[in-house]
Amino acid sequence: MNIPQSVFIHEIGPRINFQYGSRLSIEQKLQWISRLIDSGLNHIEVTTLMHSANKQQFNEATELALKLKRDKNLKYGVLIPNKRSLTRRCR
């Protein structure tokens, strides 16, 4: 059995949780993401930008993305399920 020399972990926990009605504040979400970074993860899918009847949910996702810690070694992902979501304006 050959054991790989390295593995790639792409964390999607925040995106899944936030997408399905998390009751966490933006600051709590940022703390969670920060703790994932502190654990050594550097590729984290953080939110979903999707058309929603709940405009507040879309705006919160956008605000979260804009407040993320910036670092050249960190990669953040977002799920954008369709063109409408990609081109939707915030606020």
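Hydrogens, waters and symmetry mates are skipped; everything else that's a heavy atom, side chains included, is used.
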Would you check if the side chain of Tyr76 reaches a backbone N or O of Lys69 as a donor-acceptor pair within less than 3.5 Å?
-> yes
Mind checking what makes salt bridge (Lys or Arg N to Asp or Glu O under 4.0 Å) contact with Glu45, not counting sequence neighbours?
-> Arg15
Spacing of CD1 belonging to Ile26 relative to CD belonging to Glu63, to within rounding of 0.5 Å |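 It is 3.5 Å, given to the nearest 0.5 Å.
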Test side chain to side chain contact (heavy atoms under 4.5 Å, CB included) applied to Asn73 - qualifying residues, sequence neighbours left out =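 With sequence neighbours excluded, Asn73 shows a side chain to side chain contact (heavy atoms under 4.5 Å, CB included) to Asp71, given in chain and number order.
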What pairs with Gln28 under side chain to side chain contact (heavy atoms under 4.5 Å, CB included), at least two apart in sequence or on another chain?
-> Leu24, Ser25
Shortest non-hydrogen contact between Thr47 and Ala61, atoms and distance |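 That closest heavy-atom pairing would be OG1-CB, 3.2 Å.
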For a quick test of your reading: what N or O donor-acceptor pairs under 3.5 Å do the side chains of residues 33-44 make, sequence neighbours left out?
from	atom 1	to	atom 2	distance (Å)
Ser39	OG	Leu36	O	2.6
His43	ND1	His10	ND1	3.0

Residues two or more places apart in sequence or in another chain: which of them pass side-chain hydrogen bond (donor to acceptor under 3.5 Å, both in side chains) with Lys75?
->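 Partners of Lys75 by the side-chain hydrogen bond (donor to acceptor under 3.5 Å, both in side chains) criterion come out as none, since no residue qualifies.
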